[in-house]
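To start, the structure itself, in structure tokens.
This is a predicted model, so every value here is computed, not measured. Proteins come first, then strands; the chains are lettered A, B, ... in the order of their sequence lines, and each starts at number 1.
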There are 2 protein chains.
Amino acid sequence: MKVITQKCEVCSKHPASGFNYGACVCNSCKMFFRRVILRKNITDCENEGVCISKCRPCRFQKCLQAGMTFNPYSPGSDLHNNEVILFAIINNLQHIDNHREKLFNNCLFNGDPSFTEVLGTLNFEEKPPDLNYIYKEWSFIQSITGIDFLMKISFVKKLELPDQIVVIKNIFIQFSIFSIAHSCYTTKLSRLSFPNGSEIPEPNIYGVSDNLRIRIQGRLLARLIELKVSKQEFLLVSVLLLCDPCTPNLSDHGKILITSQQKYYASALLQHCLINYQSSGPSRFTDLLFLHQAISSTIDDLKAHYQLCQLYQASNWLHTKKIFLCID
Amino acid sequence: MKVITQKCEVCSKHPASGFNYGACVCNSCKMFFRRVILRKNITDCENEGVCISKCRPCRFQKCLQAGMTFNPYSPGSDLHNNEVILFAIINNLQHIDNHREKLFNNCLFNGDPSFTEVLGTLNFEEKPPDLNYIYKEWSFIQSITGIDFLMKISFVKKLELPDQIVVIKNIFIQFSIFSIAHSCYTTKLSRLSFPNGSEIPEPNIYGVSDNLRIRIQGRLLARLIELKVSKQEFLLVSVLLLCDPCTPNLSDHGKILITSQQKYYASALLQHCLINYQSSGPSRFTDLLFLHQAISSTIDDLKAHYQLCQLYQASNWLHTKKIFLCID
DNA sequence: TCGCAGAACATGTTCTGGT
DNA sequence: TACCAGAACATGTTCTGCG
Ligand SMILES: [Zn+2]
Ligand SMILES: [Zn+2]
Ligand SMILES: [Zn+2]
Ligand SMILES: [Zn+2]
């Protein structure tokens, strides 16, 4: 008699039995979600990224992505159970990021894909141990692995293709910078630089003000050091960078999805802050969100720096990769 | 790596995982069987006879039919568990027979099907309460419901069609007589007769020896009374009548199947006797099997009687139904 | 090494009760 | 009455141990 003949949002195998735990899912998936939460047996997908989504961990991720939440009547255990969800969300991000790091450190990417091409599968190759990247290559592999990471964040695939391009294009440089900065913070470096030690931006270009370079190298990193931004916080903030409903040229559908995801990840970050910082959780949350400003300023400086470099030493900046030129 | 790519004998949905509990079945069916036995939760099929065989009780019957047995290592409980199986076998027969009785008492069957037609679905109709059968009609409904009963014994469907005809044709009269006799025994009648009281065979036909009639009316019934044959025994013996590997014109395949079924039901009957008669179980078993002789003799007498009647009163025996004339 | 019984675990379906 | 959380039950899959 029900109008809901919809397929389950998670398994799409059974018809949804109704609105269970906050999403339109079938009974099996409802019970599955419940059991994972209660038994707290969250594991990681074996083949991160290339899974057919039929495995347990991926099924659970789909539940989370569908927006399922667990609010048992029994008061008190409430927070505890939602911590499980939070943990799972972060854990998932952590895995995708571990994969990114692996690619960044051990692989190379041949070619010069446009944005449309980037949306397909990216084929990384093993990097010979004796190969040394030059600066340009570092920044390219940093960005391309960053894009790969962003593409793997689950809700991105739910966007229509043009929206995917728009969103990724809007954010990948910010993420690259944020990511390299956090990695430098983790390894206790005081200036932005690639793993081989070459500083960002490329030094010693005649005519470019040292002031600009110092700002680029220091501002964001200093803030990360000051706040002692954890990896988990870094990841959540990264996803929130992506969740910008004001991204230009976004379709209506995209806007709705991005908005819901922003709400979702924002409350996850807030919860995380509350758990780790108790009463000062909200202010921590604010600090983290405002990292966005430091990132944006750094990008602005980088752009200025780039233009100056073009001005003074054009030849060195030839063959800029398409993604940096924002070519679709 | 296994050669066994066979389908499960019970569900034929999964491949058989091996030889489990005595039959080639899949793992699910293995566990299903195990659980039914252990929990002893045997129930009856809702729509006896016309079930798609997907329901629990039918699945369990299929297990039994596939020859599955339960012999747990733990000594002592052995017999107990096999009693569960025995109970289930008898219970199933009981149900089919209850259905037969219902048809026999409350329904009528229009038409004069040949044996080939009888193998399809038999369409019984509600009998108006004010309708009174004449003798011929009683014997027809008795036989046709008997055939319906026999067809529903599970292994019959496993026979090839010609074998089904051969087997049923060979036995349906014996079963009819046996059945009516046991029913008379149950209702404490001393002479074979139909529910309306009309005696078997039809009395008062001029020229037929009373001796013959008395033998027909009494011999089998007397034996049933003497032995106090229970309904359960009646049912098992009935199936064993059917399990005659020497049935003429049986195919090789049919012979093999019938032989295995004979072994199966014979050991069930023996077990039943042992449980109820302990040390005199085997002799009880023998007595029951020898009921076959009384049935056969009665049939012989009936045939003689029939021929005599034809001789003296031909008109009365016109329009004999096809099944009695053994018309395929 | 293999095959199977049984335990343990995972998943799916139906029932129950509160709102 | 309809809806849904959770309990209870039923089914299916994988692991373990033994001969
Ligand atoms: Zn589902
Ligand atoms: Zn997976
Ligand atoms: Zn099976
Ligand atoms: Zn059934």
Side-chain angles (χ1 to χ4, degrees), chain A residues 1-43 45-46 53-60 62-63 66-75 77-78 81-82 85, chain B residues 1-43 45-46 53-60 62-63 66-75 77-78 81-82 85:
Chain A
M1 297 303 110
K2 286 232 270 188
V3 191
I4 305 176
T5 320
Q6 292 175 32
K7 290 275 172 189
C8 166
E9 280 187 58
V10 171
C11 68
S12 58
K13 198 173 66 179
H14 309 274
S17 77
F19 200 67
N20 297 304
Y21 295 115
C24 244
V25 298
C26 73
N27 215 284
S28 321
C29 290
K30 167 185 125 184
M31 291 311 289
F32 170 78
F33 180 73
R34 167 164 231 277
R35 282 160 177 154
V36 170
I37 300 281
L38 289 179
R39 289 189 228 145
K40 307 191 201 307
N41 58 352
I42 295 166
T43 52
C45 175
E46 307 268 309
S53 278
K54 286 287 178 189
C55 77
R56 252 181 73 84
C58 286
R59 186 178 180 189
F60 184 63
K62 277 197 146 193
C63 289
M68 294 177 82
T69 54
F70 195 75
N71 297 308
Y73 282 142
S74 58
S77 71
D78 191 306
N81 281 320
N82 275 329
I85 293 184
Chain B
M1 297 302 110
K2 287 234 269 187
V3 191
I4 305 175
T5 321
Q6 293 173 31
K7 289 274 170 188
C8 166
E9 281 187 58
V10 171
C11 67
S12 58
K13 197 173 66 177
H14 309 275
S17 78
F19 199 68
N20 298 303
Y21 296 114
C24 246
V25 298
C26 73
N27 215 285
S28 320
C29 290
K30 167 185 124 183
M31 291 311 289
F32 171 77
F33 181 72
R34 169 165 230 276
R35 283 161 177 155
V36 171
I37 299 282
L38 290 178
R39 288 190 227 144
K40 309 193 201 309
N41 59 351
I42 295 166
T43 52
C45 175
E46 307 270 308
S53 278
K54 286 286 177 189
C55 77
R56 253 180 72 85
C58 285
R59 186 177 180 189
F60 184 63
K62 276 198 149 192
C63 289
M68 294 177 84
T69 54
F70 194 74
N71 297 307
Y73 283 140
S74 58
S77 72
D78 191 306
N81 280 321
N82 274 329
I85 293 184

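- Across the protein-nucleic acid pair, B/N20 atom CG and C/dG6 atom P stand 11 Å apart, rounded to whole Å.
- Looking at A/T43 and A/F60, their side chains never come closer than 4.5 Å, going by heavy atoms from C-beta outward.
- Atom-to-atom distance recorded for B/M31:CE and B/Y21:OH is 6.5 Å, nearest 0.5 angstrom.
- Nearest heavy-atom pair across A/K13 and A/K7 is O-NZ, 3.8 Å.
- D/dC4 atom P lies 16 Å from atom CZ of A/F70, rounded to whole Å.
- Nearest heavy atom pair, residue A/A23 against residue A/A66, reads CB-O, 3.5 Å.
- Atom OH in B/Y21 sits about 18 Å away from atom P in C/dG3, given to the nearest Å.
- The structure places CZ of B/F32 at 11.0 Å from SG of B/C26, a figure rounded to the nearest 0.5 Å.
- Rounded to 10°, the angle separating the first-five-pair axis and the last-five-pair axis of the helix from C/dC2-D/dG19 to C/dT19-D/dA2 equals 0°.
- B/C11 places none of its side-chain heavy atoms less than 4.5 Å from the side chain of B/K62.
- At whole-Å resolution of the value, CZ in B/R34 and P in C/dC4 are 16 Å apart.
- Partners of A/R35 by side chain to side chain donor-acceptor pair (under 3.5 Å), not counting sequence neighbours: none found.
- Of the residues B/M68, B/H14, B/R59, the one that meets the side chain to side chain contact (heavy atoms under 4.5 Å, CB included) test with B/C29 is B/R59.
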Take nucleotides 11-16 of chain C nucleotide by nucleotide from the 5' end and write B, S or -, depending on whether a protein heavy atom sits under 4.0 Å from the base, only from the sugar-phosphate, or from neither. BBBB--
